Protein chains: 2
Amino acid sequence: MTATDTTFRRLCAQHGIAVTHQRQVLYEVMQGMDGHPSPEEVYARVKREIPAISLATVYKNIHLFVESGVLREVSLHHGSQRVEMNEAEHHHMVCSRCKAISDISADALNLPEQRRQLPGGFLVERYSVDVIGICLECQGLERGASRV
Amino acid sequence: MTATDTTFRRLCAQHGIAVTHQRQVLYEVMQGMDGHPSPEEVYARVKREIPAISLATVYKNIHLFVESGVLREVSLHHGSQRVEMNEAEHHHMVCSRCKAISDISADALNLPEQRRQLPGGFLVERYSVDVIGICLECQGLERGASRV
DNA sequence: TATTGAACGATAACTTTTATTGTCTATACT
DNA sequence: AGTATAGACAATAAAAGTTATCGTTCAATA
């Protein structure tokens, strides 16, 4: 039993999900990847370990990992393109439960002075802040009676 | 000639794009929409004004508007899902030209104290900051010789 | 007003993601 | 340990979102 093996089993126990061979390999392979891999990239990489694995399994388990908090996704609103109709300077509040996006004025967030230059010589144009949290409606559902 | 009509013609002149009936109606319809409409939603709405319009036209012109700066998109990385492999607390630098995403530590941005509660009773879990700008490579391309 | 390159509509194709279905396996319970 | 069963798996079809192709029509400008 390796170290990551134990870690993964503990993670699964914590989040109440079953330990399977596919999930374990998936987790370990992803741990070894840098950057921000897409499901396809993960699939290509994990296929080297389990050639018979299905793309659907990769998708389902990435979802499961994200839902259960084992993993995080880069952006909560990557489904389809959305355009900005609010012309005022603003940022976004994104509900982590229902994914709803609402605007919040830049003032209400009082951000610090923006750097013009960042590590790696990155030239700053603007900041775009997503405040991740739970919207009022989803808070209500959480407190309220259980759904049928 | 209406007010928005004139506005739109000026915008097109500024950005060097042709004025067509479809683009004009598209622009006006979108101005009248709230929130963060998707291309499909825009299509449904604009179809009421121009029943014969094609979905492809909507997509092409939303792209054009975004590229030319007439319109902004909510998120620069909505293509496919991406998962986070960096476990440290960090944010992102997103190149507006090549869309590359790189990590930047939370310290390097020195964000203000996070509010726990925001307008509308939104309960904050965390902030996720995208710094939009131009990466070093794209700066080089810009300065350097013109491409073939 | 005639010319011409760009934009349009129709639709096929492509990419990404989800759903379905029959088989298999991990887990719980003897 | 042996078995029942809920859940996970692979294969694949289908849905959703987006882009490309191509013949026709229109806007810019001479």
Side-chain angles (χ1 to χ4, degrees), chain A residues 1 5 8-27 29 36-68 70-71 73-83 99, chain B residues 1 5 8-27 29 36-68 70-71 73-83 99:
Chain A
M1 220 197 230
D5 194 358
F8 182 68
R9 287 179 172 278
R10 190 171 50 240
L11 268 174
C12 287
Q14 274 170 18
H15 295 99
I17 67 182
V19 177
T20 70
H21 181 229
Q22 285 84 345
R23 283 178 191 167
Q24 175 125 19
V25 173
L26 201 45
Y27 177 80
V29 160
H36 314 93
S38 68
E40 284 283 353
E41 286 163 356
V42 172
Y43 175 59
R45 179 66 191 73
V46 80
K47 226 171 149 50
R48 302 217 299 262
E49 312 296 325
I50 311 177
I53 202 169
S54 164
L55 178 59
T57 301
V58 173
Y59 269 99
K60 276 185 289 196
N61 285 312
I62 288 179
H63 270 159
L64 184 70
F65 289 163
V66 168
E67 270 171 38
S68 65
V70 173
L71 227 66
E73 49 190 337
V74 170
S75 167
L76 259 49
H77 34 73
H78 57 83
S80 91
Q81 187 182 37
R82 298 280 161 166
V83 290
K99 315 298 189 226
Chain B
M1 216 195 229
D5 193 359
F8 182 68
R9 286 178 173 277
R10 191 171 49 241
L11 266 175
C12 287
Q14 274 170 19
H15 295 100
I17 67 182
V19 177
T20 69
H21 182 228
Q22 285 85 344
R23 283 179 190 164
Q24 175 126 18
V25 173
L26 201 44
Y27 177 80
V29 160
H36 314 92
S38 67
E40 283 283 354
E41 285 164 357
V42 172
Y43 175 60
R45 180 64 191 73
V46 80
K47 227 171 148 52
R48 301 216 301 260
E49 312 297 325
I50 311 178
I53 201 169
S54 164
L55 178 58
T57 301
V58 173
Y59 269 100
K60 277 184 287 195
N61 285 312
I62 288 179
H63 271 158
L64 183 71
F65 289 162
V66 168
E67 270 170 39
S68 64
V70 173
L71 227 65
E73 48 191 338
V74 171
S75 167
L76 259 50
H77 36 72
H78 60 82
S80 90
Q81 187 183 36
R82 297 280 161 167
V83 290
K99 315 299 189 225

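Order of the sequence lines fixes the chain letters, A, B, ..., with proteins taken first and strands second; residue numbering starts at 1 for each chain. From a predicted model like this one, the values you see are computed outputs, not experimental measurements.
- Around atom NE2 of B/His15, more than 12 heavy atoms belonging to other residues, nucleotides or ligands sit under 6.0 Å away.
- Proximity of B/Val83 to A/Val74: side-chain heavy atoms (C-beta onward) are nowhere separated by under 4.5 Å.
- Of the two residues contacting DNA chain C, namely B/Ser80 and B/Lys60, the nearest-nucleotide position lying further toward the 5' end is that of B/Lys60.
- Along DNA chain C, the nucleotide nearest to B/Pro51 and the one nearest to B/Arg23 differ in position, and the one closer to the 5' end is contacted by B/Arg23.
- When the side-chain nitrogen and oxygen atoms of A/Ser54 are compared with OP1 and OP2 of D/dT12, none of them lie within a distance under 4.0 Å.
- Using a 4.0 Å cut-off, no side-chain N or O of A/Gln22 falls inside it from OP1 or OP2 of C/dT25.
- Residue order along DNA chain D, read from the 5' end via each residue's closest nucleotide, puts B/His63 first among B/His63 and B/Val19.
- Contact annotation: A/Thr57 side-chain N/O to D/dA10 OP1/OP2 distance is under 4.0 Å.
- The structure places CZ of B/Arg45 at 11.0 Å from CG of B/Leu26, a figure rounded to the nearest 0.5 Å.
- Regarding A/Gln81, its CD atom lies at a distance of 12 Å from the C1' atom of D/dT19, rounded to whole Å.
- Whole-Å rounding puts the A/Glu67 CD to D/dG7 P distance at 15 Å.
- Rounding to whole angstrom units, NE2 of residue B/His78 and C1' of D/dT19 are separated by 13 Å.
- Counting only heavy atoms from C-beta outward, the side chains of B/Glu41 and B/Ser38 approach each other to under 4.5 Å.
- We find that CG of B/Asn61 is positioned 14 Å from C1' of D/dT19, with the value rounded to whole Å.
- Taking every side-chain heavy atom of B/Ala56 into account, D/dA20 is the closest of D/dT18, D/dA20, C/dC8.
- Comparing C/dT17, C/dG9, D/dA10 by their closest approach to the side chain of A/Glu40 singles out C/dT17.
- Here CZ of B/Arg82 is found 12.5 Å from CD of A/Glu73. Values are rounded to the nearest 0.5 Å.
- For C/dT18, neither phosphate oxygen OP1 nor OP2 lies less than 4.0 angstrom from any side-chain nitrogen or oxygen of A/Tyr59.
- Residue A/Ile53 contributes atom CD1, which lies 16 Å from atom P of D/dT12 at whole-angstrom precision.
- When the side-chain nitrogen and oxygen atoms of A/Ser38 are compared with OP1 and OP2 of C/dT16, none of them lie within a distance under 4.0 Å.
- The interatomic distance linking A/Leu55 (CG) with C/dT15 (P) rounds to 13 Å, in whole Å.
- One interatomic measurement links the two molecules: CD of A/Gln24 to C1' of D/dA8, which rounds to 15 Å at whole-angstrom precision.
- Here the C1' atom of nucleotide C/dT27 and the CD1 atom of A/Ile17 are 14 Å apart, to the nearest Å.
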